[in-house]
Amino acid sequence: HFGFTLGINELNFNLLKNSNTETNDTLKTLHTKSQKGFNLGIVSNLRLGKYTDLRFVPALIFGERHLDYSFSDSLNTNNNQIKKIESTLLDFPIYIKYKSERYNNFRAYVIGGLKYSMDIASQDKIDDEGQEIVKLKQNDLMGEIGFGLDFYLEYFKFSPQIKISYGVLNLLTKDQSVYTQSINLLTTNGWMLSFTFE
């Protein structure tokens, strides 16, 4: 059967700093900041057994993340700069859904799987014309796990669900700027609260 899903998300980065870079000796601190976004998708569900489903849920994700840099200048005063990274992701996840026994019009479930994500707003290949933007690669691979509840209503099934995701690929495109030379590894993490109608 089929359905649709919509919800909110909060994306962030896992960051591994480069402590050996000579060009970042004026960089004092570097932090990531998560931002809220929203998502919508289409649900395709194949029943494998009494308690198990295979699900394919392609989705469009709108999100944003910040990298907050603090530099020290020659007068030893702090200069803060924020690099905003906006993403529009096409997600193609495959999940296994394991359901509990149905009790009246209610049941709980856990869900897990892998997701390929393509950032159609990626600036990886563009010329930044000296703006020193932080560029991310277009393709990502993530693992996801979550849980939710199925409520069986008169005409449809309503399912609130929360998932967390962790990226496995380094998304950073290195250049000669201090903004990327000071980072060794940049991967995605985040959570997603969605509401599904089937």
Side-chain angles (χ1 to χ4, degrees), residues 2-18 30-46 48 52-68 83-99 108-126 133-150 159-174 179-180 183-198:
F2 300 93
F4 70 93
T5 180
L6 51 88
I8 61 172
N9 63 72
E10 185 171 288
L11 300 180
N12 205 344
F13 289 121
N14 291 320
L15 180 91
L16 180 62
K17 299 176 188 176
N18 184 0
L30 170 56
H31 301 289
T32 66
K33 289 185 177 180
S34 61
Q35 301 293 312
K36 299 290 193 301
F38 68 95
N39 44 276
L40 52 97
I42 300 171
V43 178
S44 303
N45 191 93
L46 175 65
L48 300 178
T52 310
D53 293 344
L54 178 67
R55 290 168 75 83
F56 177 56
V57 191
L60 183 62
I61 312 292
F62 299 93
E64 183 177 317
R65 290 158 284 189
H66 292 176
L67 291 172
D68 190 354
K83 294 293 183 180
K84 296 181 180 180
I85 302 173
E86 296 179 351
S87 297
T88 304
L89 306 171
L90 284 176
D91 283 359
F92 301 96
I94 299 250
Y95 301 119
I96 294 292
K97 176 181 177 181
Y98 185 74
K99 305 173 287 188
Y109 65 86
V110 293
I111 193 167
L114 290 175
K115 176 170 74 174
Y116 165 71
S117 186
M118 180 173 65
D119 188 354
I120 58 177
S122 170
Q123 299 177 314
D124 184 25
K125 304 298 184 184
I126 70 163
I133 60 177
V134 178
K135 300 178 182 179
L136 300 185
K137 295 172 184 174
Q138 188 174 52
N139 302 305
D140 198 5
L141 186 66
M142 288 180 256
E144 287 196 321
I145 189 168
F147 69 93
L149 304 170
D150 285 338
S159 306
Q161 172 185 275
I162 188 163
K163 297 192 301 281
I164 56 173
S165 55
Y166 290 93
V168 297
L169 301 181
N170 186 4
L171 296 179
L172 184 68
T173 299
K174 286 272 194 173
Y179 301 105
T180 59
I183 301 173
N184 265 345
L185 182 71
L186 203 63
T187 60
T188 294
N189 70 54
W191 59 264
M192 183 182 300
L193 174 65
S194 56
F195 303 93
T196 302
F197 303 85
E198 301 174 53

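For reference, positions follow the sequence shown, starting with 1.
The environment of CD1 in I42 is sparse: at most 12 heavy-atom neighbours from other residues, nucleotides or ligands sit within 6.0 Å. Counting non-hydrogen atoms of other residues, nucleotides and ligands closer than 6.0 Å to CZ of F197 gives a total above 12.
We find the CD1-CG distance between I164 and N189 to be 9.0 Å, quoted to the nearest 0.5 Å. How far OG of S165 is from CD1 of I145: 11.5 Å, rounded to the nearest 0.5 Å. Distance CE/M118 to OG1/T88: 11.0 Å, rounded to 0.5 Å. Rounded to the nearest 0.5 Å, atoms CG (L171) and CD1 (I85) are 9.5 Å apart. Taken to the nearest 0.5 Å, the CG atom of N45 stands 6.0 Å off from the NZ atom of K97. Atom NE2 of H31 sits about 15.5 Å away from atom CZ of F13, to the nearest 0.5 Å.
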- Task: Please assess I61 against M192 for the test side chain to side chain contact (heavy atoms under 4.5 Å, CB included), listing each intermediate value before the final yes or no.
- Result: CA-CA 10 Å; I61 312 292; M192 183 182 300; 3.7 Å; yes

- Message: Under the criterion side chain to side chain contact (heavy atoms under 4.5 Å, CB included), I'd like the reasoning laid out for K137 against L169: C-alpha separation, chi angles, the key distance, then a yes or no.
- Response: CA-CA 9 Å; K137 295 172 184 174; L169 301 181; over 6 Å; no

- Please walk me through it: do L89 and L11 pass side chain to side chain contact (heavy atoms under 4.5 Å, CB included)? CA-CA 11 Å; L89 306 171; L11 300 180; 4.2 Å; yes

- Message: Please evaluate residues V134 and I183 with respect to the criterion side chain to side chain contact (heavy atoms under 4.5 Å, CB included), reporting the C-alpha separation (whole Å), side-chain torsions for both, the decisive distance (0.1 Å), and the verdict.
- Response: CA-CA 11 Å; V134 178; I183 301 173; 5.6 Å; no

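Closest heavy-atom contact between Q138 and I120: NE2-CA, 4.4 Å. Considering every non-hydrogen atom in both S87 and D119, the closest pair reads OG-OD2, 3.3 Å. Of all heavy-atom pairs spanning S194 and N39, the tightest one is CB-ND2, 4.3 Å. For the residue pair Y109 and S159, the shortest heavy atom distance occurs at OH-CB, 4.0 Å. When all heavy atoms of P93 and F56 are compared, the closest pair comes out as O-CD1, 3.2 Å.
Looking at residues two or more places apart in sequence or on another chain, you find a side-chain hydrogen bond (donor to acceptor under 3.5 Å, both in side chains) between T32 and N12. Shown here are the ring pair (Phe, Tyr, Trp, His ring centres under 6.0 Å) partners of F38, two or more places apart in sequence or in another chain: F62. Partners of L48 by side-chain contact (heavy atoms from CB on, under 4.5 Å), not counting sequence neighbours, listed by chain and number: L46, T52, L54, I96. Qualifying salt bridge (charged side-chain N to carboxylate O under 4.0 Å, His left out) partners for K36, counting only residues two or more places apart in sequence or in other chains: E10. Every residue was checked against the ring pair (Phe, Tyr, Trp, His ring centres under 6.0 Å) condition with F92, not counting sequence neighbours, and none meets it. Under the side-chain hydrogen bond (donor to acceptor under 3.5 Å, both in side chains) criterion, Y116 pairs with N139, not counting sequence neighbours. The side-chain contact (heavy atoms from CB on, under 4.5 Å) search around V168 returns L141, not counting sequence neighbours. Remark: N170 engages L172, L185, L186 in a side-chain contact (heavy atoms from CB on, under 4.5 Å) (not counting sequence neighbours). A search for side-chain hydrogen bond (donor to acceptor under 3.5 Å, both in side chains) contacts involving K115 returns D91, E144, not counting sequence neighbours. Partners of F195 according to the ring pair (Phe, Tyr, Trp, His ring centres under 6.0 Å) rule, which considers only residues two or more places apart in sequence or in another chain, do not exist here.
Pairs of residues two or more places apart, or lying in two chains, that qualify as salt bridge (Lys or Arg N to Asp or Glu O under 4.0 Å) and include a residue from residues 52-68 are K33-D68, D53-K99, R55-E198.
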